[in-house]
Amino acid sequence: MDVTITAQEILVGQPSYPTPKIAENSHNFRRWAGLREFGALLMSMALPYDSDEGRDMAGAISALMCGEAYAQSSRIAERMGPSQATK
């Protein structure tokens, strides 16, 4: 997962954007690649999308991914300095 998060940091952080607002939105609303297959996971577990069990699974996975993303972002910032978005 660290590789995916690092790649995402590079993809979002390196390009130039046509306007400051587009750059801000790119940083604030980027998607996590790991959640794109979440529907397939729920189907393989026979969990309806709109069920308590499906929402519980989504919450648990999202919390783990969020924590790991924060940890990896912190490791990157420790080596490279804080991103421009946080300055």
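Computed from heavy atoms alone, side chains included, the values below leave out hydrogens, waters and symmetry copies. Only a predicted model underlies this, so the values are computations on that prediction, with no experimental measurement involved. Just so you know, residue 1 is the first one in the sequence shown, and it goes up from there.
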Item checked: Closest non-hydrogen atom pair between Pro48 and Ser51, with its separation -> O-OG, 2.8 Å
Margin query: Listing request: all salt bridge (charged side-chain N to carboxylate O under 4.0 Å, His left out) pairs with a residue in residues 42-52, at least two apart in sequence or in separate chains.
Written below: Asp50-Arg55, Asp52-Arg55
Next item on the list: Can you measure from CZ (Arg75) to CD (Glu78) and round to the nearest 0.5 angstrom?
Entry: 9.5 Å
Checklist line | Distance (rounded to the nearest 0.5 Å) between Met57 CE and Ser62 OG | finding: 11.0 Å
